[in-house]
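Taking it in order: structure first as structure tokens, then the write-up.
As the structure is a computational prediction, the values presented were derived from the model and not from experiment. The sequence lines fix the lettering, A, B, ..., with proteins before strands; numbering per chain opens at 1.
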Number of protein chains: 2
Amino acid sequence: MPVSNVTINDIARELKVAPSTISRALNNKSQISEKTKKLVRQKAAELGYDINLVASSLSKNKTNIIGVLLPNINRYFFSQVVSGIESVAYDKGYQIIIAQTNESLEREIEVTRMFNSTRVAGVIACLSVKTTDVSHLEKLKKNGIPLVLFDRVDYSLDCQKIIVDNFDGAFQAVSHLIKIGCKKIAHLGGPSDCKVFQERARGFSEALEIHKIQLWPNFLLATDLTHEDVRGVFSMWMTAPQKPDGVFVAGSDAGLMLTKMAVEAGIKVPDELAIVAFGDEPANEYICPSLSAVEMPGYDMGRTAVSQLFDAVEGRYAGSGTTVKPLQLIVRRSSFKRE
Amino acid sequence: MPVSNVTINDIARELKVAPSTISRALNNKSQISEKTKKLVRQKAAELGYDINLVASSLSKNKTNIIGVLLPNINRYFFSQVVSGIESVAYDKGYQIIIAQTNESLEREIEVTRMFNSTRVAGVIACLSVKTTDVSHLEKLKKNGIPLVLFDRVDYSLDCQKIIVDNFDGAFQAVSHLIKIGCKKIAHLGGPSDCKVFQERARGFSEALEIHKIQLWPNFLLATDLTHEDVRGVFSMWMTAPQKPDGVFVAGSDAGLMLTKMAVEAGIKVPDELAIVAFGDEPANEYICPSLSAVEMPGYDMGRTAVSQLFDAVEGRYAGSGTTVKPLQLIVRRSSFKRE
DNA sequence: GTGAAAGCGCTAACAA
DNA sequence: TTGTTAGCGCTTTCAC
């Protein structure tokens with residue numbers, strides 16, 4: 001490993017000026033003549049100089065790195081968020097370091113510690129489903145590292161939060177099912193210890209109540225939304241005395257699985273069973289029948305999150321607040337209007 | 001912003017020992033008594049000390065950050081690769097900073113410069129389709145930053161490369177189409193200036209040749225695989241005197257689009273038109289008919305790439321070489337055996 | 001086994 | 001406008 005990097009001292013020596021002059025010139029500071037500025041830039045280019053951001057960061061006590069913490073980068077929603085974050089960060093000259101928790105609190109804590117050690121300029125996070133205690137994130141604040149939460153947030157944390165209205169999305173979805181004529185509507189829900197899933201379940205219940213639709217036993221289930229869960233719940237429903245004629249599924253993967261199982265079991269979707277999922281992804285458009293879903297604006301949420309983070313990083317505004325992004329119900333064949 | 005971080009000097013002062021002792025204790029160096037080691041750790045925990053990696057990196061002239069450069073994080077394959085990279089990096093105590101090129105060479109150059117300035121420990125990259133000149137990547141090498149390329153590689157670069165055998169994958173796919181009885185097979189190809197797509201086209205041609213299948217005019221097309229491209233090609237094929245009865249599509253997105261268009265046009269897939277795509281993703285399993293595809297092992301490629309990068313970073317082995325990952329043809333309904 | 005001191009490359013007072 | 005100087009927080013020789 002050669003590691004023969006040019007430093008500002010090299011440039012300074014060649015030009016017979018002080019290193020600080022080089023620094024000023026390269027950073028476009030005001031108190032410097034255009035002439036030397038040009039001279040310095042020229043020589044820097046000639047020697048192939050690239051600033052050492054490690055040294056710069058240490059000196060300024062501030063990096064140009066944003067830490068992004070999320071459950072899994074390979075889930076569609078999260079990859080959309082990351083893409084949004086990266087696009088804005090890039091324009092601002094920031095870099096993003098990403099880490100997955102795999103829904104493990106222990107790992108979330110470890111990553112947060114790492115971000116802290118890296119002295120990231122700020123952190124954007126989506127909490128793991130298991131996260132109840134948030135002291136690890138509070139420590140960031142204590143160290144002067146701004147935090148923005150998205151999707152799975154914790155209200156006890158004093159920071160900006162970007163969310164969707166899970167209650168409303170669920171309410172919309174279920175109201176839609178009711179409108180197209182479903183009478184026996186079930187909810188395949190997510191982990192009950194996670195707020196977003198609680199809200200979705202609440203939206204489901206509320207919609208039933210308002211429309212005076214009966215809730216049958218075992219029609220409101222909290223699961224981990226794994227393949228096994230979906231399979232188990234589906235077979236239970238299909239062998240029960242009361243079968244649902246409409247299902248609101250709390251996650252997009254589970255929605256796809258359920259739709260596929262139903263079709264394979266010979267059930268007519270949507271006629272015998274209408275399905276709407278929370279969370280849209282490309283497969284929803286392709287599955288047969290195509291799957292209705294409440295679409296979460298991941299890319300946009302990412303962009304907003306990082307913009308708000310920059311407000312804090314750059315000292316413009318660092319308050320606490322919640323941005324609620326609009327949700328859109330996309331009606332496809334799996335819940336297309338019957339009579 | 002409080003920014004009241006504890007340093008090793010604080011610990012040293014409290015313990016009335018030298019900062020170097022703290023450093024040694026915390027880094028588990030050999031020349032230090034267990035007693036002070038324990039003492040130091042205890043005090044560090046008590047004060048809530050977290051190492052400042054910026055300072056550490058500057059001092060060691062080496063960061064614990066891996067730069068990952070790829071076209072788009074929100075494409076399934078790439079998100080899989082990143083996930084694989086992150087999982088291994090995390091275990092090694094490294095962080096990953098990711099950047100998207102959006103298939104822009106200019107941006108690829110800019111990001112590379114940035115990685116260089118960040119003094120990343122190494123870089124893992126998938127070149128943009130537009131990348132022909134690779135001097136920006138050569139500069140990394142010159143600066144002692146190891147590089148590993150994956151998927152879209154450049155053989156003039158002296159580094160490890162992780163790829164799939166695009167020729168073979170295409171050959172397999174097309175041979176399969178031939179085996180199930182297709183006689184008029186077409187190829188919806190990708191950008192012709194990109195090696196991987198050239199190889200896929202070559203595999204297509206070779207399979208036809210070997211099996212003595214005629215190549216009809218306009219049956220071997222290079223496109224950008226956009227929605228418009230797919231639509232245009234599809235309608236051209238369907239209105240031509242000779243319609244294909246089998247198509248090998250160079251990308252998974254385009255494969256999904258084509259399948260959907262065919263079904264919507266009332267064409268029986270696979271009976272009238274069999275389809276196989278290069279690249280698998282979740283939607284392939286769900287689309288109706290489900291879409292056959294050559295599966296690229298993204299997660300595994302990511303893990304291998306980063307492992308090889310560590311070999312170079314940690315000075316074990318830094319040669320040049322190519323790892324070819326196995327490709328698997330997954331046969332689904334879109335090309336299921338007819339008689 | 002521990003301390004003293006230099007230095008990683010840069011920035012930012014303070015002087016001139 | 002430019003130079004001098006003192007760090008940023010850590011690691012690492014070199015002494016003791």
With side chain to side chain donor-acceptor pair (under 3.5 Å) as the criterion, how do B/T36 and B/S33 come out once you've worked through the C-alpha distance, each side chain's angles and the decisive distance to 0.1 Å? CA-CA 6 Å; B/T36 42; B/S33 75; 2.8 Å; yes
Using side chain to side chain donor-acceptor pair (under 3.5 Å), reason through A/T131 and A/S128 one step at a time and then give a plain yes or no. CA-CA 5 Å; A/T131 304; A/S128 90; 2.9 Å; yes
Test item: side-chain donor near acceptor, B/S320 and B/Q160, under 3.5 Å: no
To the nearest 10°, give me the bend of the helix from C/dG1-D/dC16 to C/dA16-D/dT1, comparing the axes of its five terminal pairs at either end. 40°
Base, sugar-phosphate alone, or nothing: which one does B/S57 contact when heavy atoms must sit under 4.0 Å apart? nothing
Could you verify whether a donor N or O on one side chain and an acceptor N or O on the other, from B/K325 and B/T304, lie under 3.5 Å apart? yes
Tell me the interatomic distance from A/K35, atom NZ, to D/dT1, atom P, rounded to whole angstroms. 12 Å
Could you state the atom-to-atom distance from CZ of A/R13 to C1' of D/dG3 in whole Å? 17 Å
Strictly under 4.0 angstrom, non-hydrogen atoms only: write out the protein contact profile of nucleotides 8-16 of chain D, one letter per nucleotide from the 5' end, B, S or -. BBBBBB---
Rounded to the Å, how far apart are A/K16 NZ and D/dT1 C1'? 20 Å
Kindly indicate whether a cation-pi arrangement holds for A/K92 with A/F310, taking the cut-offs as under 6.0 Å to the six-membered ring centre and within 45° of the axis. yes
Decide, yes or no, whether a salt bridge links B/R303 with B/D300 under the criterion of side-chain N to carboxylate O below 4.0 Å. no
May I ask you to say whether A/K37 pairs ionically with A/E34, meaning some side-chain N is under 4.0 Å from a carboxylate O? yes
Rounded to the nearest 0.5 Å, what's the gap from CG on A/D151 to CG on A/L70? Could you check? 10.5 Å
Distance in angstrom units between A/N64 CG and C/dT11 C1', rounded: 15 Å
